[in-house]
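Below is one structure, written out as structure tokens; comments come after it.
Both backbone and side-chain heavy atoms feed into the values below; hydrogens, waters and symmetry mates do not. As the structure is a prediction and not an experimental result, all values here were calculated from the model. Residue numbering restarts at 1 for every chain, and letters A, B, ... go by the order of the sequence lines.
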Number of protein chains: 2
Amino acid sequence: MQIPEYFSQRHTVRQYSDKEISTQQLNAMLDAASHAPNTGNMQWYSVIVTRDDEQKRRLAPLHFGQPQICDANVVLTFCIDLRRFELWCRKREAEPGFDNFQSFVASMIDTSLVAQQLCTVAEMQGIGTCYLGTTTYKARQIAEVLDLPVRVVPVATVTLGYPSSGKVADGGSWRLPVSAWVHDETYHEPSAADIDSWYASLEADPQSQKFIDENNKKTLAQVFTDVRYPRTSAEQFSKAYLDFIKENGFGTEY
Amino acid sequence: MQIPEYFSQRHTVRQYSDKEISTQQLNAMLDAASHAPNTGNMQWYSVIVTRDDEQKRRLAPLHFGQPQICDANVVLTFCIDLRRFELWCRKREAEPGFDNFQSFVASMIDTSLVAQQLCTVAEMQGIGTCYLGTTTYKARQIAEVLDLPVRVVPVATVTLGYPSSGKVADGGSWRLPVSAWVHDETYHEPSAADIDSWYASLEADPQSQKFIDENNKKTLAQVFTDVRYPRTSAEQFSKAYLDFIKENGFGTEY
């Protein structure tokens with residue numbers, strides 16, 4: 001029983017051809033993806049489909065100008081959505097008690113699962129995908145562009161398009177060995193030698209040295225901590241997202 | 001270009017045969033799953049593999065006695081893991097700034113994506129999967145059983161085993177129509193008629209009437225709000241998880 005090669009060979013696709021993904025095809029993929037598992041089958045999520053060029057131009061700066069927003073055929077913004085389910089409850093004489101952090105966590109997981117299932121379905125159709133991690137940084141502004149009502153909060157953005165290279169899978173990307181992140185029965189604390197060995201091939205990659213040089217850093221880790229994901233930005237985005245989820249009724253005080 | 005039928009036909013499997021999933025097979029599946037997308041390729045996650053009967057017996061009550069913990073061949077607890085990456089940073093003269101809510105959100109999404117990819121890989125091998133939504137309810141106690149150090153926080157549990165029915169996909173489960181959760185360009189507020197129409201087939205299912213009768217409720221929605229996901233439990237679990245993530249350095253105050 002072989003695992004399809006696609007899984008370990010897949011990679012993010014940021015450059016797309018002009019070939020269109022039809023609405024019919026997209027909806028069939030989204031329908032298939034919605035059969036991903038979710039909490040209590042309550043489907044606490046929605047997705048906003050952006051095809052309109054003007055909407056893409058409004059979204060692009062909120063994703064820090066990453067070109068794939070405008071270049072992609074379709075942009076999908078996956079959102080937590082408690083609104084629809086609560087409307088149903090209230091129409092059925094039921095009083096929802098989902099305005100709390102637990103519901104935020106459950107819906108964030110479920111939204112992530114359906115997003116990932118959509119990516120897998122799309123890639124298996126030869127369509128390239130790219131997650132944008134910037135969605136939670138500017139959630140409030142993205143919600144404005146997409147006209148999201150209260151109780152609907154952006155979580156993840158995926159751009160879709162046929163790859164200009166023609167390929168969604170050819171060789172995969174670097175990953176940690178299984179021994180680094182899979183633990184038998186209990187957590188095994190890494191030794192200094194483990195850390196050296198797990199990251200050795202990444203650190204030896206010429207691309208890593210290029211990042212270090214370009215950013216005038218001493219180590220690859222410093223590129224992550226000082227340039228790509230610095231504390232000051234993370235704290236600013238933390239506050240912005242927390243404020244926004246609280247305004248959407250996902251309280252964090254008990 | 002057909003979407004494989006598996007995606008819309010799959011379903012959760014809670015009853016397993018005795019057929020074993022070998023360590024070699026499991027590791028190959030986990031390795032394939034790790035090629036799911038993740039933020040900055042930092043892989044802020046770990047998974048704890050439980051095969052030992054005694055460990056399963058310790059985990060079972062923390063999942064409210066759901067029988068699949070003890071019945072499954074393998075139990076996987078997917079965890080946020082900032083620890084490994086931060087150890088690497090500190091060994092490389094880099095000062096990580098990931099002790100904040102933004103890093104919690106990013107790692108929760110990434111942990112969910114790899115969990116979902118593992119489920120897809122497993123199901124495509126004929127192995128049944130079941131998510132347990134109870135993991136965040138009792139995260140602190142689960143962390144104790146699994147010896148998780150600080151900065152490692154349980155997010156989702158998946159049980160794995162060959163289905164006793166022999167099937168991981170035969171007919172799928174009820175889902176909302178795509179029109180209910182997919183929005184073109186902007187969010188479309190549901191009308192009362194939309195809500196009635198989207199939930200009609202679920203409400204008409206004899207199983208739904210059975211749940212209503214068994215619980216002495218008037219509507220199916222009340223089964224969700226009053227019995228399955230009541231406010232009092234959600235608030236209690238919210239506080240417990242928030243306290244635990246804060247102790248793990250994922251602050252929520254700025």
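The neighbour count for B:E54 CD, taken as heavy atoms of other residues, nucleotides or ligands under 6.0 Å away, is above 12.
Of the atoms belonging to A:Y45, heavy atoms from both backbone and side chain fall under 4.5 Å from chain B. Contacts of B:Q55 with chain A are made by side-chain atoms alone, with heavy-atom separations under 4.5 Å and no backbone atom involved. Proximity to chain B (any heavy atom under 4.5 Å) is restricted, for A:Y6, to the side chain, taken from C-beta onward. For B:D194, no part sits under 4.5 Å from any heavy atom of chain A, backbone or side chain. Both the backbone and the side chain of A:Y229 come within contact range of chain B, judged by heavy atoms closer than 4.5 Å. Only the side chain of B:E203 comes within contact range of chain A, judged by heavy atoms closer than 4.5 Å. For B:K239, the parts sitting under 4.5 Å from any heavy atom of chain A are the backbone and the side chain alike. Heavy atoms of A:L220 lying under 4.5 Å from chain B belong to its backbone as well as its side chain. A:K56 does not touch chain B: none of its heavy atoms, backbone or side chain, sits under 4.5 Å away.
Taking the six-membered ring where tryptophan is involved, the planes of B:F224 and A:W88 are perpendicular, since the angle between them exceeds 60° and thus also 30°.
A donor-acceptor pair shorter than 3.5 Å cannot be found between the side chains of A:D147 and B:T186. At a cut-off of 3.5 Å, with distance as the only test, a side-chain donor of A:T129 or A:E123 sits close to an acceptor on the other residue.
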